[in-house]
A.B. asks: 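Have a look at this one before I ask anything.
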Number of protein chains: 2
Amino acid sequence: MTYCVGMMLDRGLVLMSDTRTNSGVDNISVFQKMTHWNVPGERIISLMTAGNLATTQSVISQLEERTKAPEDRQNSLMELPTMFQVAAEVGRTLRQTVRETQSKNGQSGEGRFTASMILAGQIKGMEPRLFMIYPEGNFIEASLDTPFFQIGETKYGRPIIIRAYNREMNFEDAVKLLMVSFDSTLKANLSVGLPLDLLVIEKDKYEPAYEQRIEATDPYFSLISSSWSEALRSAFDGLPNFSFDRADG
Amino acid sequence: MTYCVGMMLDRGLVLMSDTRTNSGVDNISVFQKMTHWNVPGERIISLMTAGNLATTQSVISQLEERTKAPEDRQNSLMELPTMFQVAAEVGRTLRQTVRETQSKNGQSGEGRFTASMILAGQIKGMEPRLFMIYPEGNFIEASLDTPFFQIGETKYGRPIIIRAYNREMNFEDAVKLLMVSFDSTLKANLSVGLPLDLLVIEKDKYEPAYEQRIEATDPYFSLISSSWSEALRSAFDGLPNFSFDRADG
């Protein structure tokens, strides 16, 4: 499994992903699920992936090669004119990869080898944009109503994002929020694991404003993890008490 | 979908279930998922169910009939000598019901019509016990290491239980904790819905210590729901801040 979140703020985009892949619980590995490309001063594009690892690595490699091989430059993420066209190209590559692997495997391939992606980025002259791309190659875009996307093991970490997200928040608070959301997920589900990858895309900057790999020994993450347990318990203790005689009702 | 939690405390057992059933999002209904039987002064037994509604209703009806029809009394939940035997009997009835419906439906029935259950109760002379029963008819029992069971849509409401549960807590705090856990689930998932059913089984009492249907208009639940959002936000605000220059790291 996997957990990735992409979040749209007024100031830009914040992305976080875990790095655990597993095939059963006895075969776990660390693989990066977040990639980015940028042309300084002109564009920055990042992808986070969840699903079949062979599929997602293949998609990333194909996209990567096109940014380098001159004969394929017409579909390169580095040259497509809008984020919408980038999303369409990533979707096309994903759909083809999934379909080819499935069809090679006949009936037993049905519904397997799928993957989903979160695409985030900005191209000069346009706003930062955030997309969720499905294995079928189609995609949706974030809006003010739904300003963040999650893929993978999304449920444990969702309640805190729903409650604490605010589009005007600064990057520091957004990173804090994502760390809390990841901590809740890590504590509940073995298939999501440290280290985490963090990328901050500041509006109109066209290069990573901040990127970091958060290891198990990271002092801030450890502090959040222990403080959040305490904070939750004391928030819980501070709630009005239930009474069986319902005199308060 | 469904959300039910059964929790073992030093003082007894606390159970809560939602009441929403759905077949698609355009066909939702209210059905009770919690049932209990008791022989005053001798035993109290409660079942919560998740999964295919036709299956769970059939199981409950069969168990219910046996408590009333004299010719079947040998397998009646009211007369079996231990909670272990009650769990085995419920498991047997569940497995048979699932298998019969599946086999009547041939290949298209494979893997459908399943259900899971949480069984809680106490029989005089023995400790209160809590079981989770699988569609295959086998079951596991709660212990100090895993003192609560959830069935249905379990993920959203799990982080707070993991952090705030304490076996020495009183019933009032346990009810408060379950309400918070249900509130997180209700806010995130349309397939879990009000009203909720609450049952408190006090050790050595052999009758419901407290039972209540919590409606959407319940003033305490509304208070918890609004206070918890605020409490979470201020717990979040109170956490140490992230800093990009990591001077604090």
Side-chain angles (χ1 to χ4, degrees), chain A residues 153-166 170-181 183-189 198 200 209-210 212 214 218-246 248-249, chain B residues 153-166 170-181 183-189 198 200 209-210 212 214 218-246 248-249:
Chain A
E153 185 53 78
T154 62
K155 296 184 179 183
Y156 304 104
R158 191 173 177 86
I160 184 63
I161 300 185
I162 291 177
R163 276 149 164 148
Y165 171 86
N166 167 3
N170 61 30
F171 288 131
E172 285 83 353
D173 283 348
V175 172
K176 185 166 98 168
L177 176 55
L178 289 179
M179 286 203 186
V180 170
S181 174
D183 178 57
S184 293
T185 310
L186 291 164
K187 281 215 170 66
N189 193 306
L198 165 65
V200 176
Y210 188 79
Q212 194 200 336
I214 298 151
D218 185 84
Y220 181 74
F221 186 76
S222 308
L223 184 62
I224 286 291
S225 181
S226 58
S227 320
W228 183 239
S229 288
E230 297 233 345
L232 268 190
R233 269 193 297 268
S234 63
F236 176 73
D237 290 341
L239 286 181
N241 284 320
F242 180 75
S243 155
F244 285 112
D245 57 22
R246 313 287 284 168
D248 61 330
Chain B
E153 186 51 79
T154 61
K155 296 184 179 182
Y156 304 104
R158 191 172 176 85
I160 184 62
I161 301 185
I162 290 177
R163 276 149 163 147
Y165 170 86
N166 168 3
N170 60 30
F171 288 130
E172 286 83 353
D173 282 349
V175 171
K176 184 165 100 168
L177 176 55
L178 289 178
M179 287 203 186
V180 170
S181 174
D183 178 57
S184 293
T185 310
L186 292 165
K187 280 215 171 65
N189 194 307
L198 165 66
V200 176
Y210 188 79
Q212 193 200 337
I214 298 152
D218 185 85
Y220 182 73
F221 186 76
S222 309
L223 184 62
I224 285 291
S225 181
S226 58
S227 319
W228 183 238
S229 289
E230 298 234 344
L232 267 190
R233 268 193 299 269
S234 63
F236 176 73
D237 291 341
L239 287 181
N241 283 321
F242 181 75
S243 155
F244 285 112
D245 56 23
R246 312 286 284 168
D248 62 330

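Since this is a predicted model, take the numbers as computed values, not measurements. Any value given below was found using the heavy atoms of this structure, including those in side chains, with hydrogens, waters and symmetry copies removed. Here is how names work: the chains are called A, B, and so on, in the same order as the sequence lines, proteins then strands, and each is numbered from 1.
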A.B. asks: State, yes or no, whether a side-chain contact exists between B:Phe242 and A:Ile224 at a heavy-atom distance under 4.5 Å.
C.D. replies: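 Answer no - side chains too far apart.
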
A.B. asks: What part of B:Arg163 gets closer than 4.5 Å to chain A, counting heavy atoms only: side chain, backbone, both or neither?
C.D. replies: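 Contact with chain A: backbone and side chain both.
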
A.B. asks: Which atom names give the shortest non-hydrogen contact between A:Pro240 and B:Leu223, and what distance separates them?
C.D. replies: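 Residues A:Pro240 and B:Leu223, closest heavy atoms: CG-CD2, 3.4 Å.
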
A.B. asks: Between CZ of A:Arg158 and NZ of B:Lys155, what distance do you get to the nearest 0.5 Å?
C.D. replies: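 Taking CZ in A:Arg158 and NZ in B:Lys155, the distance rounds to 13.5 Å.
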
A.B. asks: Using a 4.5 angstrom heavy-atom cutoff, name the option from A:Asn170, A:Leu177, A:Val200, A:Val180 with the most pairs to chain B.
C.D. replies: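 The residue among A:Asn170, A:Leu177, A:Val200, A:Val180 with the greatest pair count is A:Leu177.
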
A.B. asks: Pick from A:Thr154, A:Asn189, A:Asp183: which one has the most heavy-atom pairs with chain B under 4.5 Å?
C.D. replies: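 Among the listed options, the one with the most contacts to chain B is A:Asp183.
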
A.B. asks: What pair of heavy atoms forms the shortest contact from B:Asp173 to A:Phe236, and how long is it?
C.D. replies: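 Heavy atoms of B:Asp173 and A:Phe236 come nearest at O-CZ, 3.6 Å.
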
A.B. asks: Heavy atoms only, distances under 4.5 angstrom: which of A:Ser227, A:Ala188, A:Ala209 has the most pairs with chain B? Name it, please.
C.D. replies: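 The option with the most such pairs is A:Ser227.
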
A.B. asks: What part of A:Leu198 gets closer than 4.5 Å to chain B, counting heavy atoms only: side chain, backbone, both or neither?
C.D. replies: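 Only the side chain of A:Leu198 comes within 4.5 Å of chain B.
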
A.B. asks: Tell me, out of A:Ser234, A:Ser184, A:Gly238, who's got the most heavy-atom pairs with chain B below 4.5 Å.
C.D. replies: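 Greatest number of close heavy-atom pairs with chain B: A:Ser184.
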
A.B. asks: Which bit of A:Glu153 comes within less than 4.5 Å of chain B, counting heavy atoms only: side chain, backbone, both or neither?
C.D. replies: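 The side chain, not the backbone.
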
A.B. asks: Measure across B:Lys176 and A:Leu239 and return the closest heavy-atom pair with its distance rounded to 0.1 Å.
C.D. replies: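 The pair with the smallest heavy-atom distance is NZ-O, 3.0 Å.
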
